[in-house]
Amino acid sequence: MAVPLAVRYEIEELLAEYAAVLDAVDLERWPEFFTEQCFYEIIPRENYDRGLPLAIMRCESKGMLKDRVVAIRDTMMYEPRYMRHMISAIRVTGESPEGMTVEANYAVFETLTDELTRVFNVGRYIDRIVHEAGQLKFAEKHCVYDSLLVPNSLIYPL
Amino acid sequence: MITVTTPTTVDRHWPAEGVTRVPSWAYSDPQVYEQEMSRIFCGESWSYVGLEVEIPHAGDFKQVTIGDRPVVLVRDEAGAVHVFVNRCAHRGVKFCRVPSGHVQRFTCPYHQWTYDLQGHLRGVPFLRGLKHQGGMPADFSREAYGLESLQVTVRHGAVFASFSAHVEPFADYLGPTMLTYFDRVFDGRPLRLLGYMRQRIPSNWKLMFENIKDPYHASLMHVFLVTFGLFRADQPSAVYMDTTGRHACLISRRGEQHATSDTKDIRNLREDFTLHDARLLAPVREFPGDATVVMQTLWPNLIVQQQSNTLAMRQLVPRGPGAFELLWTFFGYEDDTEEMTLKRLRQANLMGPAGLVSADDSEVMKLSQDGIAPYAEATGVIEMGGRDIEDTEHMVTEVAIRAFYRYYREVMGF
C-alpha cells in the first residue's frame, strides 16, 4: 500500500540499520530495535503455513532477546562465522492503530572461516512496526524461512 | 611419532581393546556406510517413521526416509497405517513428491500408474492398448505390481516400520526397561503436534547417537544447561540400557544448583547469569517420578527427548558417511492447557538447530567429523566410567556408547 515517502524512507533506514547491526555482530544493540513487549521468532515456513506454532527461536519480550544475546556471548559453543543480510522487496502491507505491517524478503549468507560462503537462510520478514519515542521499533518480527533444512546450526539471530 | 597410513591401506579390523575403542574408518568409509544401510536400516530393526497425529484422517500421508530409502507413511480408509516404498512398481519413480498432504490415491507422474491407500495398483493407462495397439501383455496382472509394503507397528501414537519380515515384536525389540521409559511419554494420551525443525549436520550419523548416549559431555560443554541446573554432573542421574545395548536412556533428576567442589571441573559455570525473562525456563513437573530429563536413544534412527517440558522425536536420516539430517517433531498432549503449550514452545528455545543447548552439539559434531575422518587409522577412546557395559547410577560415564558399539559390531560383523 502507498505510504508517504518519508515513512518509507524511515522503514528502509530501520531495516538497513538492523542488517548492519547483525552483520557487525553488535548483538547488544539487537534488542534495542524492539519494543519491551515484542514478539520475535524464526519459524520454518512449513510450520507457519500449516498454523503449527513451533519456532526455532522464540522470544516473547525484549528481556528474552537479551537472554538470547547473553547465551550467545557466554554459554554457547560454536565456530566463528560471518553473516551478511540482504533485505529487499520491502512492502507496507497494512496500517492500523497497532502499527504498520511491513513485509520484506531476506537472504542471509554465512561464511565459516574454512569454507566457501553459502546461502544460509532465505525467507521473509513479516513485521509489525510502531512508533516509540520518535523511533520506529519492531513490535513483532516473524522470520519465516523457506530454507527448511538449516545448514548445521543457527547461532545469530536473523 | 605419528604413523600415517592412507585410507586405502586401512584394514577394517576393530581395535583389540574392543568396545572401549571406535576406529575412525567407522565414520568415514563409504563401504561401511553402504553396509550400514543394508544391515542396520534394512535389517531387523524398527525405524521411527512418524506420529499418528500427523496423519489423522484417511488419505493423510507423510514422506519419510529410512536409512537412505524414501518411503511414504499413509492412513487408509479403514484407519490402518501403512508404510510403502516411495517407488513406483513400474519404472522406479519416486512418485510422492510433497512432504505431507492428503490424497485419495497415489498417482505416479510419469505414466500415471495409480495406487490405492492400501498400495494396490488400481490404474495402468492403456493397459489394453489404444485402438488395438500396444498395451500390456495379456498375462500382466495388476495384483503383482502393488507398492512394496513395510512391516508397521504403532505404539501409543508413535509409528515404526521395518524392511524386515523377521523383526521381533516392538515390545520385545525395546525390552522391558526401554518400553517403560517409552510409555512414560507415550502413555496413550492423544498427542498435539506443535511443529517441525530440520537441520543437516556435517557429521556421521552415529556421532548423534554417541552424543545423546554421553552424559559426560552434557555437564561440561552445555554451559546453559549447567548454569540453570537443568542437567548437571552432581545431580542424581542414571544410564540404563536394554540387554543388547542398542537402546539407552539418560536420566537426570533435578537437584540443588550451586557451585560445589564437585563442579569445579565445570570450567564455564556461569553462576552470575540470571534471566531477564524467567518465562524461558519455568518448567513444571508433568510425569510421575523424579526424573526431569529422559533422553532415550532407540536403534537405529530415533531419539525420544523429554527435557523438562519439551517433548520431541529426533529422527536421524543418514546422508552418506559424512552427513545426516536431524528431523525434530515437537509435540504435546491434546489436553494440554494453553499455558503448558506456551511452556513447551518457550523451552523449545533450548533445542533444535538454534537451540541454546543443542546448537553446541551440532557444532561439536562437525568438529568431531573434521578431526576423525582425515585420520582413518586412528581410534577414539571410550573409557569414562570404566570398560564394562552395566547400567550406571551416575553420569560420569560413556557406558552407553560402549554398549552401542558392542551391538553395532554384532550387526555389522566387525
Side-chain angles (χ1 to χ4, degrees), chain A residues 31 36-81 110 112-115 118 120-121 143 145-158, chain B residues 99-100 193-203 221-228 268-270 272-281 312 323 325-331 341-342 344-367 370:
Chain A
E36 285 297 329
Q37 303 304 320
C38 66
F39 185 89
Y40 173 85
E41 67 176 347
I42 302 176
I43 183 168
R45 183 171 171 171
E46 62 178 334
N47 292 354
Y48 188 85
D49 287 351
R50 292 171 63 181
L52 297 171
L54 184 78
I56 66 166
M57 195 184 289
R58 175 189 177 99
C59 299
E60 297 177 33
S61 66
K62 193 195 264 193
M64 281 197 202
L65 298 174
K66 290 178 178 170
D67 290 333
R68 176 60 74 159
V69 171
V70 177
I72 294 168
R73 290 285 194 219
D74 293 343
T75 75
M76 293 174 75
M77 194 291 293
Y78 52 90
E79 278 192 284
R81 64 201 62 202
E110 178 183 70
L112 298 171
T113 49
D114 58 350
E115 284 180 27
R118 64 181 168 195
F120 177 70
N121 194 282
C143 314
Y145 65 91
D146 302 341
S147 333
L148 299 181
L149 261 182
V150 175
N152 210 20
S153 325
L154 186 149
I155 304 297
Y156 299 124
L158 300 176
Chain B
S100 63
L193 180 65
L194 296 179
Y196 303 98
M197 300 182 186
R198 302 168 186 259
Q199 64 191 127
R200 182 172 292 207
I201 297 175
S203 88
M221 184 175 71
H222 295 311
V223 180
F224 191 88
L225 277 188
V226 175
T227 300
F228 292 102
N268 297 321
L269 184 59
R270 279 286 312 265
D272 56 332
F273 184 5
T274 54
L275 293 172
H276 291 90
D277 191 332
R279 292 178 300 170
L280 175 61
L281 295 175
E325 284 164 18
L326 191 58
L327 310 180
W328 308 61
T329 305
F330 283 72
F331 60 94
T341 298
L342 278 171
R344 299 195 199 286
L345 296 173
R346 287 169 187 150
Q347 292 172 29
N349 274 299
L350 276 62
M351 300 297 165
L356 297 168
V357 176
S358 294
D360 296 344
D361 292 323
S362 42
E363 287 292 296
V364 88
M365 280 186 272
K366 174 182 186 290
L367 300 179
D370 287 352

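Throughout, a chain's letter reflects where its sequence line sits, starting with A, and its residues are numbered from 1. Quick caveat: nothing in here was measured; it's all calculated off a predicted structure. Just so you know, these numbers use all the heavy atoms, side chains as well, and skip hydrogens, waters and symmetry mates.
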Undergrad: Could you look at Pro151(A) and say if it's the side chain, the backbone, both or neither that has a heavy atom under 4.5 Å from chain B?
TA: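 Interface part for Pro151(A): backbone (N, CA, C, O).
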
Undergrad: So, the side chain of Asp277(B) versus the backbone of Glu60(A): is there a donor-acceptor pair under 3.5 Å, distance only?
TA: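 Answer holds: no.
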
Undergrad: Determine the option with the most heavy-atom pairs under 4.5 angstrom with chain B, choosing from Lys66(A), Met64(A), Arg50(A).
TA: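 The residue among Lys66(A), Met64(A), Arg50(A) with the greatest pair count is Met64(A).
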
Undergrad: Output, in order, the C-alpha distance, side-chain angles, deciding distance and verdict of side-chain contact (heavy atoms from CB on, under 4.5 Å) for Leu342(B) and Arg58(A).
TA: CA-CA 11 Å; Leu342(B) 278 171; Arg58(A) 175 189 177 99; 3.3 Å; yes

Undergrad: So how far is it from Met197(B) CE to Asn47(A) CG, rounded to the nearest 0.5 Å?
TA: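 One gets 8.0 Å once the value is rounded to the nearest 0.5 Å.
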
Undergrad: With a 4.5 Å heavy-atom cut-off, do Arg68(A) and Asn349(B) have their side chains touching?
TA: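 Heavy-atom side-chain distance check passes, below 4.5 Å.
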
Undergrad: Is there a side-chain contact between Val150(A) and Arg198(B), using heavy atoms and a 4.5 Å cut-off?
TA: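 Sidechains of Arg198(B) and Val150(A): no contact.
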
Undergrad: Just how far is it from atom CD1 of Ile201(B) to atom CG of Leu149(A), taken to the nearest 0.5 Å?
TA: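 With rounding to 0.5 Å, CD1 (Ile201(B)) is 10.5 Å from CG (Leu149(A)).
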
Undergrad: Please name the pair of heavy atoms, one in Gly355(B) and one in Met76(A), separated by the smallest distance, quoted to 0.1 Å.
TA: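 Nearest heavy atoms, Gly355(B) then Met76(A): O-CE, 3.6 Å.
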
Undergrad: Side chain, backbone, both or neither: which part of Leu158(A) has a non-hydrogen atom closer than 4.5 Å to chain B?
TA: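 Interface part for Leu158(A): neither.
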
Undergrad: Grab the two heavy atoms, one from Asp67(A) and one from Thr274(B), that are nearest each other, plus how far apart they are.
TA: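 Minimum heavy-atom contact is OD1-O, 4.2 Å.
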
Undergrad: Assess whether atom CD of Glu115(A) is packed by more than 12 heavy atoms of other residues, nucleotides or ligands within 6.0 Å.
TA: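 Yes, because the 6.0 Å sphere around CD of Glu115(A) holds more than 12 heavy atoms from other groups.
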
Undergrad: Among Ile56(A), Ile43(A), Ile72(A), Ile155(A), which residue has the highest count of heavy-atom pairs closer than 4.5 Å to chain B?
TA: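 Heavy-atom pairs under 4.5 Å are most numerous for Ile56(A).
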
Undergrad: Decide yes or no for Leu194(B) and Leu52(A): does some side-chain heavy atom of the first lie under 4.5 Å from some side-chain heavy atom of the second?
TA: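 The answer is no, as the side chains (C-beta and beyond) never meet within the 4.5 Å cut-off.
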
Undergrad: Roughly how far apart are Glu79(A) CD and Lys366(B) NZ, rounded to 0.5 Å?
TA: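 Reported to 0.5 Å precision, the distance equals 3.5 Å.
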
Undergrad: Provide the closest heavy-atom pair for Ala359(B) versus Ser153(A) in the form atom of the first, atom of the second, distance.
TA: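 Closest pair (atom of Ala359(B), atom of Ser153(A), distance): O-OG, 3.9 Å.
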
Undergrad: Give the minimum heavy-atom separation between Thr75(A) and Val223(B), together with the two atoms involved.
TA: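 Result for this residue pair: O-CB, 3.6 Å.
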
Undergrad: What distance separates Asn152(A) CG from Arg200(B) CZ, expressed to the nearest 0.5 Å?
TA: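 Interatomic distance, Asn152(A) CG to Arg200(B) CZ, rounded to 0.5 Å: 11.5 Å.
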
Undergrad: For a quick test of reading the model, state the closest non-hydrogen atom pair linking Pro44(A) to Tyr196(B) and the distance between them.
TA: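 Where Pro44(A) meets Tyr196(B) most closely, the heavy atoms are CG-O, 3.4 Å.
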
Undergrad: Which bit of Arg279(B) comes within less than 4.5 Å of chain A, counting heavy atoms only: side chain, backbone, both or neither?
TA: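 For Arg279(B), heavy atoms of backbone and side chain both lie under 4.5 Å from chain A.
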
Undergrad: Under a 4.5 Å heavy-atom cutoff, which of Val357(B), Leu280(B), Leu356(B) has the most pairs with chain A?
TA: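 Of Val357(B), Leu280(B), Leu356(B), Leu356(B) has the most heavy-atom pairs under 4.5 Å with chain A.
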
Undergrad: Relative to chain A, which of Pro202(B), Ala323(B), Gly195(B) shows the most heavy atom pairs under 4.5 Å?
TA: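 The answer is Gly195(B).
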
Undergrad: Select one option (side chain, backbone, both, neither) describing which atoms of Ser358(B) are under 4.5 Å from chain A's heavy atoms.
TA: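 No part of Ser358(B) comes within 4.5 Å of chain A.
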
Undergrad: Which bit of Leu367(B) comes within less than 4.5 Å of chain A, counting heavy atoms only: side chain, backbone, both or neither?
TA: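 Answer is side chain: those atoms of Leu367(B) sit under 4.5 Å from chain A.
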
Undergrad: Please state whether the side chain, the backbone, both or neither of Arg81(A) comes within less than 4.5 Å of a heavy atom of chain B.
TA: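 When you check distances to chain B, only side chain atoms of Arg81(A) fall under 4.5 Å.
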
